There are 2 protein chains.
Amino acid sequence: MPESKDTKAKIRRTALRLFAERGYNAVSMRDLAEAVGMRQGGLYNHFEGKQALLSDLMETHMVALLKALDAAMAGINGTRARLEVFVRHHVAHHLNYPDDVFLAYMEVRSLDPDNRARIVALRNRYEYMLRNILEDGCAKGLFSIGDAAVHARMLLAMMTGVTVWYRDNGRLSRDEVVDLYLDAALQSVGLTMVQS
Amino acid sequence: MPESKDTKAKIRRTALRLFAERGYNAVSMRDLAEAVGMRQGGLYNHFEGKQALLSDLMETHMVALLKALDAAMAGINGTRARLEVFVRHHVAHHLNYPDDVFLAYMEVRSLDPDNRARIVALRNRYEYMLRNILEDGCAKGLFSIGDAAVHARMLLAMMTGVTVWYRDNGRLSRDEVVDLYLDAALQSVGLTMVQS
DNA sequence: AATATGAATGAACAGTCATTCACATAATTC
DNA sequence: GAATTATGTGAATGACTGTTCATTCATATT
């Protein structure tokens with residue numbers, strides 16, 4: 001029984017990597033089992049099926065994302081400060097968990113309707129937090145943007161895209177990348193940067 | 001033979017829609033044939049196979065995108081003007097051909113290595129044009145951005161994301177959306193907007 | 001020592017996949 | 001009108017799909 005949790009975790013880890021690399025539909029349960037180091041039948045001792053595994057991975061990630069964001073935002077009150085924390089947290093999280101993020105973005109359409117509804121609801125909660133900050137900044141005359149809802153989607157797309165190109169052994173460190181995205185985000189809402 | 005071109009075009013159109021809606025791997029040749037109004041065998045009179053069809057769709061789109069961009073940029077000289085044209089063209093194109101764009105973005109990994117290399121090369125050419133403009137604006141001290149290469153990717157991700165949420169019967173017209181993205185893009189590089 | 005449990009196996013199941021092919025039909029060319 | 005070509009059909013192919021299940025095995029509990 002001590003092995004059990006290890007195996008389940010290993011299946012999770014491997015499935016996350018393979019699904020993110022090749023796409024959910026392009027990975028068979030045999031492929032997955034082989035990568036884990038077992039036979040396909042054994043997977044079903046740990047997960048109900050392929051769809052349940054995908055759904056589990058995505059929900060786990062979304063819940064963790066929201067929880068971490070809540071923690072990071074706790075006690076932050078200024079509108080500008082809240083935007084800064086959101087951006088920093090979002091980009092850093094996406095740099096730290098690229099596979100989770102990529103999967104959650106790309107494979108929503110591979111979920112059955114029920115699972116999809118749950119995941120999309122979580123995603124909307126996340127998007128709403130940013131829109132809230134932007135609307136706040138608009139109402140106070142701090143930000144200069146055309147439309148808060150649209151701008152929230154712009155910023156999310158912009159920031160989420162970091163997973164597409166960032167590589168760890170590249171020219172820039174993660175911290176530098178976070179700073180670049182923060183500067184761009186602040187400037188996009190009409191805030192001038194503070195020299196660091 | 002008059003039917004021939006029509007059929008081929010219809011297969012293309014239908015495949016584009018289905019691949020974009022459900023994903024390349026989730027659409028079978030039977031599904032496609034049925035949606036076109038024929039049997040699966042007949043598809044092979046028009047395309048070598050499924051992979052060739054996908055590759056054809058993506059290449060056709062990328063070539064059209066680059067050609068249209070070249071046409072739009074012809075004779076535009078100022079750095080700021082070039083950025084404006086690029087952004088307007090990019091967003092408008094993405095609003096007009098959402099399926100093409102979505103497919104080209106999502107299904108790169110479903111291409112075999114050879115086809116992928118060709119498509120990625122075309123995509124890089126496109127990205128390079130924007131980076132060029134940004135580097136130009138930086139060199140002239142017009143733009144205030146941290147890193148031109150990174151900022152190009154930020155803007156592309158931001159603008160391309162419009163396909164994810166825009167719906168034709170929504171709150172905003174295409175032109176309004178283009179304007180919103182233009183304003184955000186200009187502000188993100190440190191340019192103040194001109195009141196329209 | 002006997003029993004129960006969790007976990008892995010490997011074969012089997014019913015379906016689906018992309019692709020091929022012999023054949024029919026329709027259109028075009030001579 | 002006959003020959004040729006283009007186009008579509010429907011069945012067949014073999015490989016692969018997610019899932020199930022009887023069985024085995026090692027470990028833990030009684």
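Residue numbers start from 1 in every chain, and the chains themselves are labelled A, B, ... in the order their sequence lines are given, proteins ahead of strands. Predicted model, so just to flag it, every value in this text is computed and none were measured. Note that these values count all heavy atoms, side chains included, but never hydrogens, waters or copies made by symmetry.
Hydrophobic clustering (ILVMFWY, side-chain heavy atoms < 4.5 Å, transitive): I145(B) and W165(A) are in one cluster.
Taking atom CD1 of I11(B) as the reference point, atom C1' of dA6(D) lies 13 Å away to the nearest angstrom. Between the CZ atom of R39(B) and the C1' atom of dT20(C) there is a distance of 18 Å, rounded to whole Å. Rounded to whole Å, the distance from NE2 on H46(B) to P on dT9(D) is 9 Å.
Note on Q51(B): nothing from the nucleic acid sits closer than 4.0 angstrom, heavy atoms only. Backbone-only contact: V27(B) has heavy atoms under 4.0 Å from sugar-phosphate atoms and none from a base. Base contact: G41(B) has a heavy atom under 4.0 Å from a base atom.
By the neighbour-count criterion of 12 heavy atoms within 6.0 Å, atom CD of E34(B) is sparsely surrounded, having that number or fewer from other residues, nucleotides or ligands.
Between D31(A) and E48(A), it is D31(A) whose nearest contact on DNA chain D lies nearer the 5' terminus. Mapped onto DNA chain C by nearest heavy atom, N45(A) and R30(B) fall at different nucleotides, with N45(A) at the one closer to the 5' end.
Set against dT19(D), dT19(C), dG8(D), the side chain of T7(B) has dG8(D) as its closest nucleotide. Among the nucleotides dT19(C), dA8(C), dG18(D), the one closest to the side chain of S28(A) is dG18(D).
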Salt bridge (charged side-chain N to carboxylate O under 4.0 Å, His left out) evaluation trace for E84(A) with R80(A): CA-CA 6 Å; E84(A) 281 197 28; R80(A) 184 203 168 110; 3.1 Å; yes
